[in-house]
Amino acid sequence: MAVETKTPAKNPTQGNRGSGRGGDPRHDAPRSGGPSQTRPPARPAEPKPTKPAEPKVIELPESISLRDLAAKINVSPINVIRELMQNGVMATINQQLDFDTAAIVASAFGWEARPTPTVVESQLPAEIGTTPDGKPAPAGGKVMTLKQRLLAKEQAENESALKPRPPIVTVMGHVDHGKTSLLDAIRKTDVASAEAGGITQHIGAYMVEHQGKKVTFIDTPGHEAFTAMRARGAQVTDIAVLVVAADDGVMPQTREAIAHARAAQVPIIVAINKIDKPNANPELVKKELSELGLVPDEWGGNTLFIPVSAKQRKGIEDLIEGILLVAESLDTIKANPNRRAVGTIIESQLSKSKGAMATVLVQNGTLNVGDAFVAGSVYGRVRAMFDFRGQSVKRAGPSVPVSITGMSDVPIAGDILEVVEDERTARALAAQHQAKREREGSAQRTTSLEQYFALAKASKAKKMFFIIKADNQGSLQPIVEQLQKLNNTLSSEKGEEIRLEVIYQGTGDVTESDVNLAIASGAVILGYEVEVDTAARRKAESNHVDIRLYDVIYNLLEDVEMAMKGLLAPKIVEKVVGSAEVKQTFKISKVGVIAGVRVTSGMAMRNAKVRILRDGQVLHVGSVASLKRLTEDVKEVRQGFECGIGIEGFEGFKPGDVIEFIVQEEQAAK
């Protein structure tokens with residue numbers, strides 16, 4: 001999605017805003033230009049039909065719009081949106097739903113969904129169909145997709161079969177605060193590892209034992225990898241340990257790590273590291289983190305703060321005890337070891353000697369050597385399995401990390417691995433997943449302010465997630481405070497129907513890290529008096545992240561309020577239509593400095609706004625004063641041609657500068 005800049009909407013009936021549309025013809029006339037802008041004709045709300053004893057059968061394709069699905073199952077689209085929201089999925093009326101999602105919705109209204117036969121599915125053997133308890137279905141029975149199989153098994157899981165499993169912990173923090181040193185110190189507390197000769201094989205995760213209880217640690221390069229897995233739908237962490245240096249305090253990456261952990265909705269334990277240093281100030285760390293919502297338990301909060309020294313190996317056992325204490329209080333860290341394994345790929349590589357290898361974190365069931373499995377578009381049979389010490393093992397239970405071989409290809413980190421009946425089943429399911437990925441591309445978990453608007457109109461938006469970036473702390477603080485005040489005001493009016501949450505706030509331009517967090521959490525990025533760096537812009541566009549930039553705080557607050565109330569005004573979308581590179585400059589008397597440029601993409605336009613970049617940084621934003629091709633004034637110059645350009649209020653051109661030409665388009669609320 002293009003990066004957007006909001007300007008005040010022109011509304012001749014400003015005084016009627018409280019009534020919603022206020023007679024604005026833009027709201028009364030039929031809309032076009034986007035699928036989600038077309039509103040269905042008004043129809044009375046209809047109650048959810050009672051599920052019949054014998055479900056009706058309906059055939060659905062691999063992808064279907066929400067509107068078409070509603071028509072097929074004969075219910076209102078609003079009821080379908082409501083059902084999706086109850087399952088944690090936000091969608092608009094014209095959004096495409098995959099078969100798995102559509103089938104779950106259809107079943108809630110008394111329909112049994114079956115896939116429309118495809119070339120891939122026609123190759124599936126009849127015996128790979130499964131009943132809800134995971135057993136093979138009789139020949140000719142319903143073939144279940146991987147997502148349906150997982151859902152059915154989870155629903156059929158006997159509560160009495162669930163047993164406590166080791167908690168899975170991710171350690172995050174600022175780059176210089178001792179995360180790696182702390183992980184090394186934790187490893188050395190495991191006597192069994194030391195007796196076995198230390199860790200001989202790095203597989204991205206390891207286990208330690210303390211007083212007969214085990215803890216699994218995921219060793220990731222940082223919160224970026226943590227988020228990348230979450231963006232693909234993987235949720236592998238039970239607890240996050242935030243490492244903060246006692247001599248340095250809260251840093252930008254500390255704030256980012258907190259935002260990522262909160263987006264994952266996992267409890268946070270703070271490890272105050274480097275307490276051995278003379279200038280250590282643990283109390284300052286507590287104060288700074290309490291201002292970010294992490295209040296120490298000794299101050300009446302619910303966050304454990306544990307002082308440690310990774311260098312001197314002090315407080316390590318206290319940290320592990322704290323992790324086990326939090327894990328016991330959750331009462332949700334359980335699994336059934338007596339079932340087929342389900343896990344997540346956390347690392348993968350291609351070995352010259354062993355072929356495709358992957359680190360699997362088993363989350364439910366037990367993985368055995370010889371098991372057939374599918375992981376995304378990869379399939380295989382476990383040929384060999386190694387624990388984090390590099391020792392060969394035959395089986396791995398819940399929360400155990402192992403490295404496996406025997407895959408058809410290198411899987412993607414974040415893919416779900418599931419053990420299936422046989423290799424033929426695994427091969428067919430992998431082909432199905434690959435075909436689906438090719439059709440749909442990467443999953444899009446983000447949302448936009450328009451989607452929040454539609455959900456608010458349907459009274460179904462429970463939470464709205466935002467990332468706030470401002471030019472300085474003086475601007476940032478009042479924006480967040482006003483949003484919180486708006487949150488409280490609307491909550492008092494509407495109860496708990498709509499809530500907004502600022503999952504991250506910071507100063508400076510919008511970066512790729514901000515976009516990564518938005519991808520993982522489905523947040524909208526709001527920027528005040530900031531720009532978007534080039535890498536972040538590209539990633540936002542390719543992943544459809546909604547970024548909105550403002551130069552008036554009131555407009556920012558107004559947009560959020562209208563989205564929460566379901567009255568989002570039209571927005572202005574910036575579209576880059578061309579770019580040019582400065583080759584040389586000319587000084588002309590009574591005119592000023594003119595840049596001689598070559599148009600490198602799209603076209604240079606006389607009536608466009610321009611953005612001048614040097615080394616990827618924005619120098620100036622303004623308008624075109626003159627555009628000439630040879631000696632003639634022109635309206636546009638296409639790619640590959642040279643021209644002279646003058647910019648209003650700017651003369652500091654240098655060869656190599658890039659000029660982007662931008663037009664603004666108004667889009668009505670969808």
Determine yes or no for a side-chain-to-main-chain donor-acceptor pair under 3.5 angstrom, with [X] supplying the side chain and [Y] the backbone.
{"X": "S348", "Y": "P411", "value": "yes"}
{"X": "S309", "Y": "K314", "value": "no"}
{"X": "E529", "Y": "D471", "value": "no"}
{"X": "N543", "Y": "V545", "value": "no"}
{"X": "N273", "Y": "A310", "value": "yes"}

Euclidean distance, [Y] [atom2] relative to [X] [atom1], rounded to 0.5 Å:
{"X": "I269", "Y": "L325", "atom1": "CD1", "atom2": "CG", "result": "8.0 Å"}
{"X": "I333", "Y": "L162", "atom1": "CD1", "atom2": "CG", "result": "13.0 Å"}
{"X": "R548", "Y": "I525", "atom1": "CZ", "atom2": "CD1", "result": "12.5 Å"}
{"X": "I186", "Y": "I316", "atom1": "CD1", "atom2": "CD1", "result": "5.5 Å"}
{"X": "I519", "Y": "E512", "atom1": "CD1", "atom2": "CD", "result": "8.5 Å"}
{"X": "T344", "Y": "L361", "atom1": "OG1", "atom2": "CG", "result": "6.5 Å"}

Under the rule for ring-ring contact (aromatic ring centres under 6.0 Å, His included), what residues qualify as partners of F217, not counting sequence neighbours?
Y206
Please enumerate all residues that pass ring-ring contact (aromatic ring centres under 6.0 Å, His included) together with H210, with sequence neighbours excluded.
none
Check the pair V378, D415 against side-chain contact (heavy atoms from CB on, under 4.5 Å), reporting the backbone distance first and the verdict last.
CA-CA 9 Å; V378 173; D415 275 349; 6.0 Å; no
[Y] and [X], any side-chain heavy atoms less than 4.5 Å apart:
{"X": "E321", "Y": "Q211", "answer": "yes"}
{"X": "V266", "Y": "D238", "answer": "no"}
{"X": "Y550", "Y": "D559", "answer": "yes"}
{"X": "L182", "Y": "L319", "answer": "yes"}
{"X": "I468", "Y": "L483", "answer": "yes"}
{"X": "L289", "Y": "I258", "answer": "yes"}
{"X": "L556", "Y": "Q482", "answer": "no"}
{"X": "V215", "Y": "I320", "answer": "yes"}

Between [X] and [Y] (salt bridge meaning N to carboxylate O under 4.0 Å), is one present in this structure?
{"X": "R537", "Y": "E541", "answer": "no"}
{"X": "K213", "Y": "E328", "answer": "yes"}
{"X": "D276", "Y": "K311", "answer": "no"}
{"X": "E501", "Y": "R262", "answer": "no"}

Least distance between heavy atoms, [X] atom then [Y] atom:
{"X": "V515", "Y": "A536", "answer": "CG2-O, 3.7 Å"}
{"X": "P166", "Y": "T216", "answer": "CB-OG1, 4.3 Å"}
{"X": "G315", "Y": "I306", "answer": "O-CG2, 4.1 Å"}
{"X": "V285", "Y": "A246", "answer": "CG2-CA, 4.0 Å"}
{"X": "P267", "Y": "L330", "answer": "CG-CD1, 4.0 Å"}
{"X": "M407", "Y": "A358", "answer": "CE-N, 3.3 Å"}

Does [atom1] belonging to [X] count more than 12 external heavy atoms closer than 6.0 Å?
{"X": "D615", "atom1": "CG", "answer": "no"}
{"X": "R614", "atom1": "CZ", "answer": "yes"}
{"X": "N302", "atom1": "CG", "answer": "no"}

Any residue meeting side-chain contact (heavy atoms from CB on, under 4.5 Å) with [X], in chain and number order, not counting sequence neighbours:
{"X": "E531", "value": "D509, R611, V618, V621"}
{"X": "V400", "value": "M207, A396, V402"}
{"X": "S329", "value": "V326"}
{"X": "T507", "value": "Q473, L476"}

Between N516 and S513, a side-chain donor and acceptor under 3.5 Å
no
Check the pair T254 / L292 against side-chain contact (heavy atoms from CB on, under 4.5 Å), numbers first and verdict last.
CA-CA 10 Å; T254 311; L292 299 177; 5.9 Å; no
Stepwise side-chain contact (heavy atoms from CB on, under 4.5 Å) test for L242 and L294:
CA-CA 11 Å; L242 178 68; L294 297 179; 4.0 Å; yes
From CA spacing to verdict: side chain to side chain donor-acceptor pair (under 3.5 Å), T511, D514
CA-CA 5 Å; T511 65; D514 299 324; 3.2 Å; yes
Show the numbers, then the answer: is there a salt bridge (Lys or Arg N to Asp or Glu O under 4.0 Å) between K287 and E291?
CA-CA 6 Å; K287 179 178 179 298; E291 293 172 354; 2.9 Å; yes
